[in-house]
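Take a look at the structure set out below.
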Amino acid sequence: MEKDKYNPKLFENKWRKIWEDSKIYEVPNDFVPKNKYYILPQLPYPSGSGLHMGHSEVYTGCDILARYKRLRKFDVLQVIGWDAFGLPAENYAIKTNIHPRKNTDSAIDNFREQIKSLGISVDWSREVGSHNPDYYKWTQWFFLLMYKRGLAYRANQTVNWCPNDKTVLANEQVTEKGTCERCGATVELKKMKQWYLKITDYAERLYNDLDKVDWPAETIKRQRDWIGKSSGAIVKFKVLNYDLEVFTTRPDTLFGVSFLVVSPEHEVANLLKGHIKNYNEVENYVENSLKKTELERLQQKEKTGVLLEGIYGIHPFTGEQIPIFVADYVLSSYGTGAIMGVPAHDERDFEFAQKFNLLIKRVIDSDQDLPFEGDGKLVNSDFLNGLSVDDAKEKIIAELEKNNLGYAKITYKLRDWSVSRQRFWGAPIPIVYDPDGNPHPVKDDDLPVLLPDDVDFMPTGQSPLTYSPSFQDGVEEKYGKGWRREVDTLDTFMCSSWYYFRYIDPQNDEAFASQENLKKWMPVDFYLGGPEHVNGHLLYSRFFTKVLFDEGIIDFDEPFLVHRHQGLVKGPDGRKMSKRWGNVINPTDVIEKYGADTVRTYLMFMGPLEQDKAWNDRAVAGVHRFLSKVWNLQYKVSKDEDSQQNSEINKLIAKITQDMENMSFNTYCAKLMEFSNFLQKCQKINQQVWEEFLILLSPTAPFLSEELWSRLGYKDSIHTQKWPDFDNSQIVDEVIEIAVQINGKSRGIVQVRANSTQDEVWNEVLKNPKFQNYLSDKPQKIIFVPNKIISIVV
RNA sequence: GCCGGAGUGGUGGAAUUGGUAGACACGUCGGACUCAAAAUCCGAUGAAGGUUAAACUUCGUGUGGGUUCGAGUCCCACCUCCGGUACCA
């Protein structure tokens with residue numbers, strides 16, 4: 001054979017086509033897996049700028065695992081699709097006046113081509129796009145399922161409004177600075193009639209069931225913080241005939257209450273306005289507060305508020321009259337929108353009490369300054385005196401419940417999910433209104449409610465569908481005179497909350513997926529995605545899954561068993577890749593220069609999958625050099641047996657198998673390099689060793705390994721072979737090195753037979769003159785770890 | 001402020017969970033090939049000291065202490081950086 005050089009261009013496209021034509025990565029819809037392994041890379045948004053390095057990292061990571069699991073004879077399902085609805089496509093359409101479907105479809109074509117060129121082994125027959133009617137039919141179906149189960153409702157509530165994108169945003173889409181996650185404009189508050197999903201009904205289960213999944217601990221914690229579970233109590237304070245309910249996590253401090261505060265939105269002031277002497281002043285304050293944006297409220301450092309003169313809350317146990325304030329540091333959206341002020345044991349109440357000169361009464365004994373929020377013995381608290389905080393909580397709740405003055409209560413920070421969007425490029429909400437304006441679900445045969453094409457999608461603040469000439473066609477015939485369709489579209493997070501179910505049965509037009517197929521493949525065994533989705537997509541997906549479980553459609557209630565995050569691939573300058581910094585590395589350019597195998601292997605080699613890492617052009621070249629060396633090794637392959645090579649490859653199999661199971665792909669690559677350095681030094685390479693090495697290499701370098709495999713004369717693909725088992729008996733290590741420590745310091749090594757006894761090693765140490773200097777005294781103690789170390793204390 | 005995570009050569013990163021710290025790679029230096037350069041190949045490469053050269057010695061995983069025959073790994077205190085979150089009662 002003539003010795004040619006490694007040139008991936010000569011064979012990568014060839015193999016790509018052969019794999020596609022022979023459908024080796026496809027799984028027929030009726031296939032029944034015995035040993036299923038469902039791998040899910042996160043659903044990409046097909047942006048116009050094409051695949052970036054982050055995508056490449058996700059798909060390569062999943063693909064290495066997929067190829068490994070296939071070689072281990074798992075029935076692997078690996079899939080891809082498109083999160084195709086959404087604002088960027090619509091904004092681009094507005095700019096260019098070209099229909100978003102057109103941009104989106106060409107972006108998808110581009111993505112598909114790029115993913116294929118990376119050699120990602122997905123089953124393309126299962127590709128889905130959320131903007132296709134046969135997909136969003138089922139997004140709408142899910143909405144109706146929620147509606148039927150009482151989980152979708154319409155409410156006139158204050159919503160986050162982006163004045164730039166002219167749409168409502170979910171809480172999850174508003175940054176902590178109070179700006180729009182997409183465009184950065186300052187979000188305004190606006191009252192609108194919106195559709196909501198009652199995710200709060202599932203707060204407790206969403207919180208607890210995180211115990212069931214194998215996710216990064218940090219991710220679980222972040223999601224739990226977002227759900228924000230607090231245990232406490234509702235306490236009722238009588239105000240004339242009105243029961244003012246407050247929520248507190250510290251009912252034990254009830255005897256330290258010196259004031260009550262209600263939020264500006266609270267009903268009590270309005271209900272009892274006849275009794276409030278300074279109602280004008282109160283009304284003024286409330287109006288002013290409501291005018292402020294949430295951001296402005298948060299930014300004000302000083303606490304403000306107004307006393308409701310003339311009314312009092314009656315303390316449930318002491319009967320004292322407690323002053324009531326309205327103040328905007330109390331949020332209407334949490335708890336009951338009213339609190340009891342215990343300035344001695346709460347920092348915020350303390351600040352408020354100081355400003356308004358209110359009584360500060362210590363009820364927890366401690367030598368620390370007030371406000372004191374720690375544990376201690378209760379004092380000045382009647383029947384609670386002497387108890388610890390925890391015991392006092394228990395006791396007071398029992399007393400409250402016994403006397404009907406309050407009750408134990410768990411509260412969550414999680415809010416219901418607002419899903420209405422006043423935009424065009426999304427799935428229409430499948431609701432029709434009767435002439436009185438009451439909502440009704442569309443009839444089953446009305447699905448999908450198609451997104452019309454005749455829309456002027458320029459933003460006006462009204463939903464673009466309002467102006468479609470055809471959107472309301474046929475509605476009156478179907479539902480009756482005066483009936484109209486809902487013109488808002490669904491948040492795109494609804495599309496991505498269930499997509500992993502669709503891959504299972506992508507062509508089904510009777511259901512989003514058949515029960516049979518759901519049983520066969522779900523839940524997802526491995527999900528790789530970004531940490532930015534923790535409090536959005538991941539939470540919503542878990543919610544959807546639990547609703548399906550409650551509906552009896554599936555028999556599991558967590559969609560993603562194992563979940564990991566990929567780290568950020570940063571630019572060579574260490575900054576996040578961005579046009580702004582001019583540090584963007586385009587995967588296609590690197591594939592063009594070095595081939596896909598180099599890009600894949602480099603992305604894995606640069607560091608642990610979950611860690612952020614910076615691109616390094618020189619290191620990429622190093623990976624390419626490694627693959628070239630592997631290429632050249634093929635010319636040394638021979639039939640000659642070699643026991644050392646046998647031994648080494650078996651050690652390699654053992655180590656690499658571990659790395660694969662731990663998803664430690666960087667060390668997997670390093671060990672392949674190490675072994676190729678070893679082969680480099682051999683005169684000849686035993687063919688069986690070479691074949692096993694190629695199989696070990698194939699997950700990260702599918703093209704190169706396939707080409708070299710075929711050059712051995714094989715007609716079937718390397719990717720359908722079996723991962724080699726390691727054979728301990730083949731590992732012959734006649735001589736190994738044992739570290740010698742004397743008085744805790746490493747003083748060198750001795751070479752001994754593997755599995756030597758302590759005496760054998762000790763003799764070897766005594767023979768070596770090098771150690772004699774340190775061993776003039778008699779050893780007091782010898783610690784021996786077989787095959788590792790001998791430690792001598794003199 | 002609170003809650004997480006992490007600090008290892010010039011750089012990215014390894015260390016079977018307590019057993020020779022720095023695997024693998026980049027960079028750098030030296031050599032081979034070449035008229036020359038690139039590419040490629042071979043060798044060296046934690047720091048300081050030491051010797052003609054070696055041997056060798058000391059220090060070394062953010063800082064300070066501790067446990068242990070032995071600590072990057074375990075314990076205590078602190079520093080720095082990065083994330084998350086923030087009037088959630």
Side-chain angles (χ1 to χ4, degrees), chain A residues 5 176 216-226 228-230 232 246-251 253 261 263 297-301 303 327-331 333-342 345-349 351-352 373 411-415 531-532 534-535 568 574 602 605-608 610-623 625-626 628-629 632 654-655 658 662 664 666-677 680-681 737-749 770 773 779-794:
Chain A
K5 287 212 170 110
E176 60 182 288
E218 191 196 346
T219 302
I220 289 179
K221 204 194 156 297
R222 272 178 58 196
Q223 202 170 87
R224 284 206 165 126
D225 284 351
W226 183 261
K229 179 178 177 173
S230 324
V246 305
F247 173 72
T248 176
T249 55
R250 294 294 303 276
T253 62
V261 189
S263 68
R297 276 215 218 173
L298 288 175
Q299 274 174 346
Q300 70 194 23
K301 296 252 156 52
K303 291 204 172 8
D328 63 7
Y329 82 94
V330 172
L331 307 174
S333 54
Y334 183 77
T336 60
I339 60 140
M340 60 184 214
V342 185
H345 305 290
D346 183 280
E347 207 185 311
R348 297 151 302 178
D349 296 345
E351 210 182 299
F352 192 79
E373 299 185 348
T411 299
Y412 303 91
K413 286 192 225 172
L414 188 67
R415 293 288 104 83
E532 68 277 16
V534 169
N535 294 330
L568 210 60
Y602 174 63
F605 178 65
M606 56 198 303
E610 311 203 10
Q611 196 171 299
D612 291 353
K613 49 239 154 188
W615 188 266
N616 179 334
D617 282 316
R618 305 304 304 260
V620 184
V623 169
R625 200 172 299 141
F626 155 64
S628 304
K629 286 184 203 168
N632 293 331
K655 283 191 280 189
Q658 265 309 307
N662 297 334
S664 174
N666 55 327
T667 54
Y668 154 72
C669 294
K671 282 160 197 165
L672 290 172
M673 291 174 182
E674 207 175 353
F675 191 75
S676 94
N677 290 341
Q680 197 92 18
K681 294 192 169 76
E737 295 180 342
I738 295 216
V740 180
Q741 281 184 6
I742 298 166
N743 284 344
K745 279 195 189 291
S746 294
R747 292 298 177 184
I749 51 130
K770 183 171 155 187
N773 292 339
Q780 297 180 340
K781 194 173 170 191
I782 297 178
I783 293 113
F784 177 67
V785 184
N787 296 331
K788 278 268 150 67
I789 198 163
I790 182 163
S791 182
I792 301 139
V793 190
V794 295

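Residue numbers begin at 1 in each chain, while the letters A, B, ... track the order of the sequences.
B:G4 and B:C82 make up a base pair, with Watson-Crick or G-U wobble contacts both under 3.5 Å. Here B:G27 sits opposite B:U45 as a Watson-Crick or G-U wobble pair (both hydrogen-bonding atom distances under 3.5 Å). Using N1 to N3 plus N6-O4 or O6-N4 for Watson-Crick, or N1-O2 and O6-N3 for G-U wobble, each under 3.5 Å, B:A32 pairs with B:U40. Base pairing of B:U52: no nucleotide in any strand meets the Watson-Crick or G-U wobble criterion (both distances under 3.5 Å). Searching all strands for a Watson-Crick or G-U wobble partner of B:G70 with both distances below 3.5 Å returns nothing. Figure legend. B:A89 is base-paired to no nucleotide; pairs are counted as Watson-Crick or G-U wobble with both atom distances under 3.5 Å. In this entry B:A14 has no Watson-Crick or G-U wobble partner, no candidate having both defining distances under 3.5 Å. Nucleotide B:U63 has B:A77 as its partner under the Watson-Crick or G-U criteria, with both atom distances under 3.5 Å.
For the pairing with A:D225, the side-chain hydrogen bond (donor to acceptor under 3.5 Å, both in side chains) check across A:Q223, A:K221, A:K229, A:R222 returns one residue only, A:K221.
In this structure, the side chain of A:N662 engages the main chain of A:Q658 through a donor-acceptor pair within 3.5 Å.
Across the C1' atoms, B:A37 and B:G60 are found 41 Å apart, a figure rounded to whole Å. Going from the C1' atom of B:C26 to that of B:G19 covers 30 Å, rounded to whole Å. The gap from the P atom of B:A44 to that of B:G50 amounts to 24 Å, rounded to the nearest Å. With P as the reference atom, B:G62 and B:A21 are 16 Å apart, rounded to whole Å. Rounded to whole Å, the separation between the C1' atoms of B:C2 and B:G72 comes to 29 Å. Taking atom P on both nucleotides, B:U73 is separated from B:G64 by 13 Å, rounded to a whole Å. For the P atoms, the distance from B:G27 to B:G5 is 36 Å, rounded to whole Å. Across B:C69 and B:G10, the matching C1' atoms stand 36 Å from one another, rounded to whole Å.
At the heavy-atom level, A:T411 lies nowhere under 4.0 Å from the strands shown. In this structure, A:V793 reaches the sugar-phosphate backbone alone: every heavy-atom distance under 4.0 Å involves primed, P, OP1 or OP2 atoms, never a base. Within 4.0 Å (heavy atoms only), A:G744 reaches sugar-phosphate atoms of the nucleic acid but no base atom. Within the 4.0 angstrom heavy-atom criterion, only backbone atoms of the sugar-phosphate kind lie near A:K745; the bases stay farther away. Residue contacts shown for A:D612 are limited to sugar-phosphate atoms, with no base heavy atom under 4.0 Å away. At a threshold of 4.0 angstrom between heavy atoms, the contacts of A:P608 are confined to the sugar-phosphate backbone, with no base atom among them.
Residues A:I783 and A:I790 form no side-chain contact, since every pair of their non-hydrogen atoms from C-beta on lies 4.5 Å or further apart. Taking 4.5 Å as the limit, some side-chain heavy atom of A:Y334 sits within range of a side-chain heavy atom of A:K413. In this structure, the side chains of A:N743 and A:V793 come closer than 4.5 Å at one or more pairs of heavy atoms. Side-chain contact between A:S333 and A:R415 is present, with heavy atoms from C-beta onward closer than 4.5 Å.
Whole-Å rounding puts the A:I782 CD1 to B:C69 P distance at 15 Å. Whole-Å rounding puts the A:L331 CG to B:C87 P distance at 7 Å. Between A:K413 atom NZ and B:C3 atom C1' there is a gap of 10 Å when expressed in whole angstrom units. Summarising the geometry, the separation between CD on A:E532 and P on B:U85 is reported as 12 Å, rounded to the nearest angstrom. Atom P of nucleotide B:U68 and atom CD1 of A:I792 are separated by 20 Å, given to the nearest angstrom. Going from atom CD1 of A:I742 over to atom P of B:U68 covers 21 Å, rounded to whole Å. Between the OH atom of A:Y668 and the C1' atom of B:U16 there is a distance of 20 Å, rounded to whole Å. With rounding to whole Å, A:Q680 atom CD is found 13 Å from B:U40 atom P.
With a glycosidic angle more than 90° from 0, B:U57 adopts the anti conformation. In this entry the base of B:G9 is syn relative to its sugar, with a glycosidic angle within 90° of 0.
If you find the closest nucleotide of RNA chain B to A:R222 and to A:T249, the one lying nearer the 5' end belongs to A:R222. Both A:K681 and A:R250 lie near RNA chain B, and the one whose nearest nucleotide falls closer to the 5' end is A:K681.
Rounding to the nearest 0.5 Å places CE of A:M340 at 9.0 Å from CZ of A:R250. For the atom pair CD (A:E351) and NZ (A:K303), the distance works out to 4.0 Å, reported to the nearest 0.5 Å.
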Derivation of the side chain to side chain contact (heavy atoms under 4.5 Å, CB included) call for A:I339 and A:F247: CA-CA 6 Å; A:I339 60 140; A:F247 173 72; over 6 Å; no
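Dashed line: the shortest gap from a side-chain N or O of A:R224 to OP1 or OP2 of B:G84 is not under 4.0 Å. Residue A:K781 places at least one side-chain N or O under 4.0 Å from the OP1 or OP2 atom of B:C69.
Between the side chains of A:D349 and A:Y329, at least one donor N or O lies within less than 3.5 Å of an accepting N or O.
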Contact state string [nucleotides 20-27 of chain B, B base, S sugar-phosphate only, - no protein heavy atom under 4.0 Å]: BS-BBSSS
